[in-house]
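Here is the structure we will look at, set down as structure tokens.
Since we're looking at a predicted model, the values are computed, not measured. Values reported hereafter were calculated over all heavy atoms of this structure, with side chains retained and with hydrogens, waters and symmetry mates removed. In what follows, chains carry the letters A, B, and so on, assigned in the order in which the sequence lines appear, proteins first and then strands, with residues in each chain numbered from 1.
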There are 2 protein chains.
Amino acid sequence: MPTVSSEELAAAAGVNSAKLRKDFSYLGSYGTRGVGYDVEYLVYQISRELGLTQDWPVVIVGIGNLGAALANYGGFASRGFRVAALIDADPAMAGKPVAGIPVQHTDDLERIIQDNGVSIGVIATPAGAAQQVCDRLVAAGVTSILNFAPTVLNVPEGVDVRKVDLSIELQILAFHEQRKAGEEAAADGALPAAGSAAARKASADQGPDGAAPAVMPA
Amino acid sequence: MPTVSSEELAAAAGVNSAKLRKDFSYLGSYGTRGVGYDVEYLVYQISRELGLTQDWPVVIVGIGNLGAALANYGGFASRGFRVAALIDADPAMAGKPVAGIPVQHTDDLERIIQDNGVSIGVIATPAGAAQQVCDRLVAAGVTSILNFAPTVLNVPEGVDVRKVDLSIELQILAFHEQRKAGEEAAADGALPAAGSAAARKASADQGPDGAAPAVMPA
DNA sequence: CTGTGTGAACATCTTCACAGCT
DNA sequence: AGCTGTGAAGATGTTCACACAG
């Protein structure tokens, strides 16, 4: 399949073809009228715009179950991410290989960041250690942090933080589940105006969308 | 602090107070004019609406690093989730306790689901096993699935799936990181119209937002 | 003729601003 | 006098529909 139309792509993605065309148009005019988009060229352009063509060295701090799971996660390499180092505070972990990469001790954090030119850090420590690790990462030059610890991190201006809270995803499922169950059947007495107004679209797609609750500022 | 105003809550959440009030109003009129919202009552009403007051038994299938990390995750209990069972295909895992819960074998999946009245399942298996596990969960009565395996699952109408792709979060960080780096400096020759139009707001808040890319339909 | 690229129409979401309750 | 609850205005996002390139 050398070429693909906006109609086909839209159907595959479950969106309107006009939206897809308009979105693509913000990246430039990469389609051919009457023909469609050249698949290879389009993939390249989107990859480049998203930063997939670059090499992003990342460090993972906190090699517990979650840290180990992340280190083993196959999806990173194909998206340009390279696990440059694994860091843990437990001296007993030092030197032990996880996913083929030897764990290093927290003492060397600053050196590791600088030696590898790391600008993206992943925090998978317990909540109590997260802010301190974050401060050290930032001081060492990291400007983007993916935080799995259940804490809101304080960072200076210019540093990006994304917090992943695994229970929020479950929360969203449970919310819809509750709604399925209560469909018309048992009208809960103590809820005056909740009926129609809150009954928004229950999106049928997989993955995070606008349904996420309000979040904390940086 | 027995009472709180929309202004205070909005400041804490980093949003406009009018938006907060309007959002609350969809749940009913739980505030008092001239006073604010009664904290305890508000918490209860929101908790109930979100389903936090219910008990949600969940099963986790696939007890590798990620499954174990999820089983140990502290945030679940406080949000009404109870890990009812851990299931793995490896017979060697059977009986072994993870997070204090003995792992059970996949053979008993259907019985476990039914005995515990589970309607939410978490898939943390390798990609190859995910669809099969999914089919069995659905057949056994599960109607909501949180999928960590890097596959898009096929499910019948009426079943909700949320896919968590850990690399997408990194992707979003890398995208902003790239943008920080390329600020004005090096105008990449091969990008005609990408400049201003695509330079949207770089949100300063932590956590998933509308920046996620288009997703697959069910 | 076919399918992109895009103004214009339409829809949804956010913020303003103020009437009205406490 | 203070703060909610909400119509109306404004901003943003999506879809339509068609001129025009290939």
Side-chain angles (χ1 to χ4, degrees), chain A residues 1-43 45-46 49 191-205 208-215 217, chain B residues 1-43 45-46 49 191-205 208-215 217:
Chain A
M1 200 178 200
T3 202
V4 67
S5 72
S6 62
E7 203 67 60
E8 294 169 290
L9 281 174
V15 300
N16 182 294
S17 70
K19 175 165 167 30
L20 194 138
R21 286 201 302 280
K22 182 151 275 188
D23 283 0
F24 279 6
S25 77
Y26 289 121
L27 306 178
S29 290
Y30 298 139
T32 308
R33 297 182 179 208
V35 179
Y37 299 89
D38 180 86
V39 173
E40 199 180 353
Y41 186 53
L42 183 64
V43 165
Q45 289 298 347
I46 293 177
E49 183 73 12
L191 232 178
S196 56
R200 308 264 173 65
K201 59 153 189 268
S203 78
D205 50 30
D209 58 20
V215 287
Chain B
M1 199 178 203
T3 201
V4 66
S5 73
S6 62
E7 204 66 61
E8 294 169 289
L9 281 175
V15 300
N16 182 294
S17 71
K19 174 165 165 37
L20 194 138
R21 286 201 300 281
K22 182 149 276 188
D23 283 1
F24 280 6
S25 78
Y26 289 122
L27 306 178
S29 290
Y30 298 139
T32 308
R33 295 178 183 210
V35 179
Y37 298 89
D38 180 86
V39 173
E40 199 181 350
Y41 185 52
L42 182 64
V43 165
Q45 290 298 346
I46 293 177
E49 182 72 13
L191 231 180
S196 56
R200 310 264 173 66
K201 60 154 188 266
S203 79
D205 50 29
D209 58 20
V215 287

Whole Å only: how far is the [atom1] atom of [X] from the [atom2] atom of [N]?
{"X": "A:E7", "N": "C:dG5", "atom1": "CD", "atom2": "P", "value": "14 Å"}
{"X": "B:K22", "N": "C:dC16", "atom1": "NZ", "atom2": "C1'", "value": "10 Å"}
{"X": "B:L20", "N": "D:dC3", "atom1": "CG", "atom2": "C1'", "value": "13 Å"}
{"X": "A:N16", "N": "D:dG13", "atom1": "CG", "atom2": "P", "value": "16 Å"}
{"X": "A:D38", "N": "D:dG22", "atom1": "CG", "atom2": "C1'", "value": "15 Å"}
{"X": "A:Q45", "N": "C:dT4", "atom1": "CD", "atom2": "C1'", "value": "16 Å"}
{"X": "A:Y26", "N": "D:dT12", "atom1": "OH", "atom2": "P", "value": "12 Å"}
{"X": "A:F24", "N": "D:dT14", "atom1": "CZ", "atom2": "C1'", "value": "16 Å"}

With sugar-phosphate meaning primed atoms plus P, OP1 and OP2, does B:Y37 contact a base, only sugar-phosphate, or nothing at under 4.0 Å between heavy atoms? sugar-phosphate
Any donor-acceptor pair under 3.5 Å from B:Q45 side chain to B:L42 backbone: no
Looking only at side-chain atoms of [X], point me to the closest of [options].
{"X": "B:S5", "options": "D:dA19, D:dG5, D:dC3", "value": "D:dC3"}
{"X": "B:R33", "options": "C:dG3, C:dT22, D:dT15", "value": "C:dT22"}
{"X": "A:R21", "options": "C:dT6, D:dG2, C:dC18", "value": "C:dT6"}

Non-hydrogen side-chain atoms of A:V4 and A:D38 separated by less than 4.5 Å: no
Side-chain N or O of [X] closer than 4.0 Å to phosphate OP1/OP2 of [N]:
{"X": "B:Y30", "N": "D:dC3", "value": "no"}
{"X": "A:S6", "N": "C:dT4", "value": "yes"}
{"X": "B:K19", "N": "C:dT15", "value": "no"}

By nearest-nucleotide position on DNA chain D, the 5'-leaning member of B:A18 and A:V35 is B:A18
For B:S17 and B:S6, the nearest pair of non-hydrogen atoms, with its separation, is CB-O, 3.9 Å
Which atom of B:L27 lies closest to which atom of B:E49, heavy atoms considered: CD2-CG, 3.4 Å
Compute the centroid of each ring, for A:F24 and then for A:Y37, and state whether the two points are separated by less than 6.0 Å. yes
